[in-house]
Amino acid sequence: MKKNSSIHVCLFPAAGYGTRFLPATKAMPKEMLPILTKPLIQYGVEEAMDAGMNTMAIVTGRGKRAIEDHFDVSYELEHQIKGTTKEKMLADIRHIIDKCTFAYTRQVEMKGLGHAILTGEPLVGNQPFAVILADDLCVNDSEGVLTQMVTLYNKYQCSIVAIEEINSKYTDKYGIIAGEEIENGIYRVNTMVEKPSPADAPSNLAIIGRYILTPDIFEILKNTKPGKSGEIQITDALMEQAKSGNVIAYKFQGKRYDCGSIDGYVQATVELYEKEKK
Ligand code: UTP
């Protein structure tokens, strides 16, 4: 873990129902679906640790207890495999448990991503924080996406969203930004729209599941009315910050898999398997 990081807390909104994976997600959180031997949320926690964060704040909901159990010791299991070749399979998760603090709160009603982030306020307090949507799995051979974003935060000291260029046909699945390119791949955002139709989209630059947010976002979220599909949208709250020039969008280095969809999940599994075999 890096020392002296400017951001200590990473928030994981993980209360969604994961309906695209039913019936697998009927009694199991989507965030616990494995890519090879690791659940999605563990990849996210490792990315946050690599970026210097040591407090993982997780917004859960009903049926998500497996997440808490995963980030806790399992004495019986550890005793059982002690001294066998399998012991090393728990080494990574043991390291995470030793180095990080986990804090949980529940979102009682699923009123959208913005509402889930607001629900995390008591765990975050008055400091800048990162957000990871664990179903967006990001991989990069050198620095992780959140590490890249912390470097950018240190320079700009404002909210940062990670973006990627998408096929314009799919703008209605993402928050879409437009802005002025101030450095190669870095934009000062002046427009943000949640899930616009291709005809209404201001660009094909889509927000993915990585954010750094300044804490004034909480007050803005409290005053944000339900938007698209009756949910409180983080995109609408960020647009308020963007009006005063306080949102940067960053074309990250690396690859994102949308593991909230079957296609992305299978692609991630195959590609990470191929990589591990090499
Ligand atoms: P998604 O749009 O992927 O929704 O949420 P979902 O419910 O998880 O999955 P599907 O579409 O039914 O298959 C994006 C992220 O926001 C969180 C989800 O857990 C996911 O990480 N979220 C969304 C919440 O925590 N609370 C909400 O009310 C909505």
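Atoms within a ligand are numbered from 1 in the order they appear, just like the ligands themselves. The structure displayed is predicted, hence computed values, not measured ones.
- Within the structure, ligand 1 lacks V59 among the residues with a heavy atom less than 4.0 angstrom away.
- With hydrogens and angles disregarded, no donor-acceptor distance shorter than 3.5 Å links the side chain of T214 to the backbone of C158.
- The shortest N or O to N or O distance between G18 and ligand 1 is under 3.5 Å.
- Side-chain contact between P13 and V131: present, with at least one pair of heavy atoms (C-beta onward) separated by less than 4.5 Å.
- Using a 4.0 Å cut-off to heavy atoms of G112, the atoms of ligand 1 that qualify are 26 (N), 27 (C), 28 (O), 29 (C).
- The nearest protein atom to atom 20 (C) of ligand 1, hydrogens excluded, is given as D135 OD2, 3.9 Å; this is a heavy-atom distance.
- For the pair E183 and K155, the salt-bridge criterion is met [side-chain N within less than 4.0 Å of a carboxylate O].
- Regarding atom 7 (O) of ligand 1, its nearest protein heavy-atom neighbour is Y17 N, 2.9 Å.
- Looking at Q107 next to ligand 1, an N or O pair under 3.5 Å apart turns up.
- Considering only non-hydrogen protein atoms, atom 18 (C) of ligand 1 sits nearest to G16 N, 3.7 Å.
- Nearest residue to atom 12 (O) of ligand 1 from D258, I58, I132, T19 is T19 (criterion: closest heavy atom).
- The cluster map of Ile, Leu, Val, Met, Phe, Trp and Tyr, joined by side-chain heavy atoms under 4.5 Å apart, puts V189 and Y174 in different clusters.
- Between K222 and E219, at least one side-chain nitrogen of the basic residue sits less than 4.0 Å from a carboxylate oxygen of the acidic one, meeting the salt-bridge criterion.
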Return all side-chain donor-acceptor pairs below 3.5 angstrom for residues 18-27, not counting sequence neighbours, or 'none' if the list is empty.
residue: R20; atom: NE; partner: G260; partner atom: O; Å: 3.3
residue: T25; atom: OG1; partner: G18; partner atom: O; Å: 2.8
residue: T25; atom: OG1; partner: L22; partner atom: N; Å: 3.4

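- When side chains are defined from C-beta on, L123 does not count as touching V9, because their heavy atoms never get closer than 4.5 Å.
- Protein heavy atom closest to atom 2 (O) of ligand 1, with residue, atom name and distance, is R20 NH2, 4.4 Å.
- Closest protein heavy atom to atom 21 (O) of ligand 1: P13 O, 3.1 Å.
- Remark: minimum distance from atom 5 (O) of ligand 1 to any protein heavy atom is reached at K30 NZ, 4.7 Å.
- Side chains of M28 and L33 form a contact here, defined as non-hydrogen atoms less than 4.5 Å apart.
- A salt bridge links D141 with K275: the distance from a Lys NZ or Arg NE/NH1/NH2 to an Asp or Glu carboxylate oxygen falls below 4.0 Å.
- The protein non-hydrogen atom at the shortest distance from atom 16 (O) of ligand 1 is L113 CD1, 3.6 Å.
- For atom 14 (C) of ligand 1, the closest non-hydrogen atom of the protein is L133 CD1, 4.4 Å.
- Of the heavy atoms in E31, only side-chain atoms (C-beta onward) come closer than 4.0 Å to ligand 1.
- Taking Y187 as the reference, nothing meets the ring-ring contact (aromatic ring centres under 6.0 Å, His included) condition, with sequence neighbours excluded.
- Atoms of ligand 1 lying under 4.0 Å from at least one heavy atom of A116, given by number and element, are 24 (C), 25 (O), 26 (N).
- At least one N/O-N/O distance between A15 and ligand 1 falls below 3.5 Å.
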